[in-house]
Amino acid sequence: MGGCHSYPSATKEDHKTLHPSDISSEKLGINNNNLEERPYLQQQYVCQRITHTDMFALTALPPGVDKAEWLASNTVAFFKHINLFSSALSEICTPSTCPSACGPGNTVYVWTDDHGRKLKCSAPLYFDYAMSYIQELLTDEDVFPTKAGSVFPTGFVFLVQKVFLLFFRTLAHIYGSHYRETLALGLHPHLNTLFTHLTLFCRQHALLEPEDTEPLQDLITALGRQGFNPVIKKTLTHPVHSQFTKCAILIV
């Protein structure tokens, strides 16, 4: 966790009011000649995946499907997969091992509450805030409606962009701080597949800015050179959105 510092954690009261209204990251000064080791870029690992398919077809908006429905269905699916993957590492990512929510390149992620206070908390606490915030959105009928004929709110895409930024940061922390544990568990092909699916979906639908993905741009480039094309393992029927009956979702 070179370059990351321990800061006071948020209080229990803060947990109730935190939201990513001003989600931000802070770059600490680093010497480019002494970059931290990034084992996920090694060829024997970067080429690993679960199988092959046309990822562009997987992420593109299907003909005749409402874009908001497509974004909503995929947001629900990514939340389930990323939350599940993070849970597999919950005993490894602790306030002791990860006093700050860091990504590669000595990036520190901070949370801003609704009083404008920037909180540099431990990684488990930061990502607990993140997943709780996302789950609250997904279960809010005014944001993610499930009834036929319901209309998505104004600013829905903006909210989805915030959610996918949190998804990206969750995976960035895993790559930057827990990749060796991921290797030990044999989960690196699944992680590569999930990460590629996420980043390509974001690119297809303009959900992230270049500065958002910069901490893992080297990995995105490396995976692209592999012709990385993870596969659909199963086609699921999503009851979550009645207007959109079938959605091809990557199962990892």
Side-chain angles (χ1 to χ4, degrees), residues 1-12 14-15 18 20 23 25-28 30 35-50 77-111 119-135 163-199 212-213 215-216 218-220 222-223 230 250-252:
M1 299 298 293
C4 300
H5 297 80
S6 177
Y7 299 91
S9 297
T11 65
K12 186 175 182 180
D14 292 331
H15 191 285
L18 290 172
I23 300 173
S25 63
E26 172 179 303
K27 291 285 282 186
L28 301 180
I30 59 173
L35 290 174
E36 61 183 353
E37 184 183 5
R38 300 185 178 190
Y40 50 81
L41 293 177
Q42 295 179 24
Q43 178 60 29
Q44 67 265 37
Y45 303 138
V46 78
C47 67
Q48 295 295 310
R49 51 218 166 169
I50 54 177
F78 275 116
F79 173 72
K80 291 178 180 178
H81 299 322
I82 292 174
N83 199 30
L84 180 63
F85 200 99
S86 299
S87 297
L89 301 173
S90 60
E91 294 184 4
I92 299 168
C93 183
T94 68
S96 315
T97 61
C98 303
S100 295
C102 296
N106 292 339
T107 301
V108 178
Y109 299 128
V110 299
W111 195 275
L119 303 172
K120 296 177 182 177
C121 46
S122 67
L125 187 56
Y126 179 94
F127 295 111
D128 179 58
Y129 290 153
M131 294 299 119
S132 296
Y133 169 78
I134 296 169
Q135 186 170 39
V163 168
F164 274 84
L165 177 59
L166 292 173
F167 286 159
F168 181 89
R169 289 180 173 184
T170 302
L171 297 187
H173 177 70
I174 293 173
Y175 271 111
S177 300
H178 303 295
Y179 191 71
R180 293 193 183 282
E181 292 91 340
T182 301
L183 286 174
L185 292 170
L187 294 175
H188 52 294
H190 295 74
L191 180 60
N192 283 346
T193 301
L194 180 57
F195 179 72
T196 301
H197 186 192
L198 177 78
T199 53
D212 298 329
T213 59
L216 280 175
D218 50 4
L219 177 61
I220 294 172
L223 290 171
L250 179 69
I251 302 299
V252 296

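Values below: every heavy atom of this structure, side chains too, minus hydrogens, waters and symmetry copies.
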### Check: Phe167 ring centroid to Phe164 ring centroid under 6.0 Å
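Here the rings of Phe164 and Phe167 have centres that are less than 6.0 Å from each other.
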
### Message
Could you walk me through whether Ile82 and Ser86 satisfy the side-chain contact (heavy atoms from CB on, under 4.5 Å) test, starting with their C-alpha distance in whole Å, then the side-chain angles of each, then the deciding distance to 0.1 Å, before giving a yes or no?
### Response
CA-CA 6 Å; Ile82 292 174; Ser86 299; 4.2 Å; yes

### Message
In the structure I gave you, are the side-chain heavy atoms of Tyr179 and Leu191 within less than 4.5 Å of one another anywhere?
### Response
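Yes; the side chains approach each other to less than 4.5 Å.
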
#### Entry: Contacts of type side chain to side chain contact (heavy atoms under 4.5 Å, CB included), residue Pro95, not counting sequence neighbours
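With sequence neighbours excluded, Pro95 shows a side chain to side chain contact (heavy atoms under 4.5 Å, CB included) to Ser122, Pro124, given in chain and number order.
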
### Query
Can you say whether the rings of Trp111 and Tyr126 are parallel (under 30°), tilted (30 to 60°) or perpendicular (over 60°)?
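Rings of Trp111 and Tyr126: perpendicular, over 60°.
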
### Query
Quick one: does Thr199's side chain have a donor or acceptor within less than 3.5 Å of a partner on Thr196's backbone?
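Yes: the side chain of Thr199 pairs with the backbone of Thr196.
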
### Query
Under 6.0 Å from the CD atom of Glu91, do we count more than 12 heavy atoms belonging to anything else shown?
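Atom CD in Glu91 is not crowded, with 12 or fewer foreign heavy atoms closer than 6.0 Å.
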
### Message
If you compare all heavy atoms of His188 against all heavy atoms of Thr182, which two are closest, and at what distance to 0.1 Å?
### Response
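Taking every non-hydrogen atom into account, N-CG2, 3.5 Å.
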
### Message
Counting only heavy atoms not in Gln135 (residues, nucleotides, ligands), do more than 12 fall under 6.0 Å from its CD?
### Response
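Not more than 12 within 6.0 Å, no.
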
### Where Ser90 and Ser87 come nearest, the two heavy atoms and their spacing
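Nearest pair, atom of Ser90 first, then Ser87: OG-O, 2.9 Å.
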
### Query
Does the pair Leu166 and Phe79 meet the rule for a side-chain contact (heavy atoms from CB on, under 4.5 Å), with working shown?
CA-CA 10 Å; Leu166 292 173; Phe79 173 72; over 6 Å; no

### Query
Which pair of heavy atoms, one from Pro215 and one from Arg38, lies closest together, and at what distance?
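Nearest pair, atom of Pro215 first, then Arg38: O-NH1, 3.8 Å.
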
### Query
Do you know the tightest heavy-atom contact between Thr97 and Ile92?
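In terms of heavy atoms, the two residues are closest at OG1-O, 2.9 Å.
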
### Task
Anything under 30° is parallel, anything over 60° is perpendicular, the rest tilted; go ahead and classify His197 against Phe78.
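Correct class here is tilted.
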
#### Entry: Which atom of Val110 lies closest to which atom of Arg169, heavy atoms considered
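Val110 and Arg169 have their closest heavy atoms at O-NH1, 4.4 Å.
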
### Message
Taking the ring centre of each residue, are His173 and Phe127 less than 6.0 Å apart?
### Response
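Under 6.0 Å, so yes.
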
### Query
Going from OG1 on Thr213 to CD1 on Ile220, what distance comes out if it is rounded to the nearest 0.5 angstrom?
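Separation between the atoms: 4.5 Å.
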
### Task
Compare every heavy atom of Ala172 with every heavy atom of Tyr109, then report the nearest pair and how far apart it is.
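Where Tyr109 meets Ala172 most closely, the heavy atoms are OH-CB, 3.7 Å.
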
### Message
Can you confirm whether Leu223 sits close enough to Asn192 that some side-chain heavy atom of one is under 4.5 Å from a side-chain heavy atom of the other?
### Response
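Answer yes - side chains close enough.
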
### Query
Can you tell me how far CD of Gln44 sits from CG of Leu183, rounded to the nearest 0.5 angstrom?
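Output value for this atom pair is 9.0 Å.
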
### Message
Any non-hydrogen side-chain atom of Tyr40 less than 4.5 Å from a side-chain atom of Pro104?
### Response
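In short, these two side chains touch, coming nearer than 4.5 Å.
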
### Message
Between Leu216 and Phe195, is there a side-chain heavy-atom distance shorter than 4.5 Å?
### Response
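Yes, their side chains come closer than 4.5 Å.
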
### Query
Is the shortest heavy-atom distance from the side chain of Met131 to the side chain of Ile134 under 4.5 Å?
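The answer is yes, as the side chains (C-beta and beyond) meet within the 4.5 Å cut-off.
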
